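Heads up: numbering here begins at 1 and tracks the sequence. The model shown is predicted, which means the values in this text are computed figures rather than measured ones.
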Amino acid sequence: MNKTLKIIIIASISMLVISYLSYIFYGIIRYSHSSDWQTYKQYIWIFKDSAKKDINTNFCFSYVKERDVYNNFDYKDIYNVMVWEFKDLGNAELKKSTINQNVDLEDVKFDSGEILNKGSKLELTINYGFVFNSAINVNLDKYSKIERTFKETNYKGFYGSINQMSFSDEKGEHQILLDFTKRITPTLFLFYKGHQSFYIIMIYSKNLFDENIIKILNLE
């Protein structure tokens, strides 16, 4: 192999590696959430005044992106409260969001994405560039169980035990996978429309509790 050919091959391989790495970093920069320890303060209104004093702010945080914001609150050092805003669904009709049971989630994989809360009791695998235009649907796997459901003017949901669940778009395509990695977990789940936006709220704990936990929330 002559010297010129070697240079061409090495240059071609280098360009391929650079292109691949550029693609990876572009996805990370454009689609990934940023960690934040202040943004959650903008969402504390979701709690009634009587509950705010029991929030441990040392363990509150957010993952922020332009069109969605994920917040985690620690309540009484017992409960995690997830408040996830999806800004593009501000005009969506609550009735169009469905809750589906016994869905096979074992083979849900994304070509590219990120994992939030890696190694924690609730891991979230998110498809890069996901979009919810007119609805967001929830899908529960066969090990998850709904015990009671709720439906009011501006929210609906259920109380039950969750193993895995996904959020899919209006076409039924999975976009976000949520996995309780330690064990099936008691969970209160809500779709909520208020404050000119759309939210998914989850309250979960390793300890048993009942649907009355909803009373800590300001859902007016």
Q: Quick one, Y192 with Y155, criterion ring pair (Phe, Tyr, Trp, His ring centres under 6.0 Å). Give me CA distance, side-chain angles, the key distance, then yes/no.
A: CA-CA 4 Å; Y192 169 63; Y155 69 88; 7.1 Å; no
Q: For the hydrophobic clusters of this structure (ILVMFWY residues joined by side-chain heavy atoms under 4.5 Å, transitively), does one cluster hold both Y159 and I99?
A: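 Per the 4.5 Å side-chain linkage, Y159 and I99 are not co-clustered.
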Q: Please state whether the rings of F130 and F132 are parallel, tilted or perpendicular, taking 30° and 60° as the class boundaries.
A: tilted
Q: For F167 and F189, take the angle between the two ring planes, folded into 0 to 90°, and tell me which bin it lands in: parallel under 30, tilted 30 to 60, perpendicular over 60.
A: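 Correct class here is tilted.
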Q: Verify the ring-centre separation between Y79 and F209: is it less than 6.0 angstrom?
A: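 Yes, the ring of F209 comes within the 6.0 Å limit of the ring of Y79, centre to centre.
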Q: Can a salt bridge be assigned to the pair K171 and E173 using a cut-off of 4.0 Å between side-chain N and carboxylate O?
A: no
Q: Please step through ring pair (Phe, Tyr, Trp, His ring centres under 6.0 Å) for the pair F59 and F73, ending with a clear verdict.
A: CA-CA 7 Å; F59 297 100; F73 296 91; over 10 Å; no
Q: I201 and L188: same hydrophobic cluster, using ILVMFWY side-chain contacts below 4.5 Å?
A: yes
Q: Kindly work out whether a path of hydrophobic side-chain contacts (I/L/V/M/F/W/Y, heavy atoms less than 4.5 Å apart) joins I146 to I203.
A: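 Shared cluster, no.
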Q: Just wondering, more than 12 heavy atoms not from K87 lying within 6.0 Å of its NZ?
A: yes
Q: Atom CG of residue position D104 - does it have more than 12 heavy atoms of other residues, nucleotides or ligands inside 6.0 Å?
A: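 More than 12 heavy atoms, drawn from other residues, nucleotides or ligands, come within 6.0 Å of this atom.
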Q: Check for me whether the distance between the ring centres of W45 and Y199 falls short of 6.0 Å.
A: yes
Q: I'd like to know whether F198 forms a ring pair (Phe, Tyr, Trp, His ring centres under 6.0 Å) with F86, so could you lay out the CA-CA distance, the side-chain angles of the two residues, the decisive distance to 0.1 Å, and finally the verdict.
A: CA-CA 6 Å; F198 189 100; F86 295 91; 7.3 Å; no
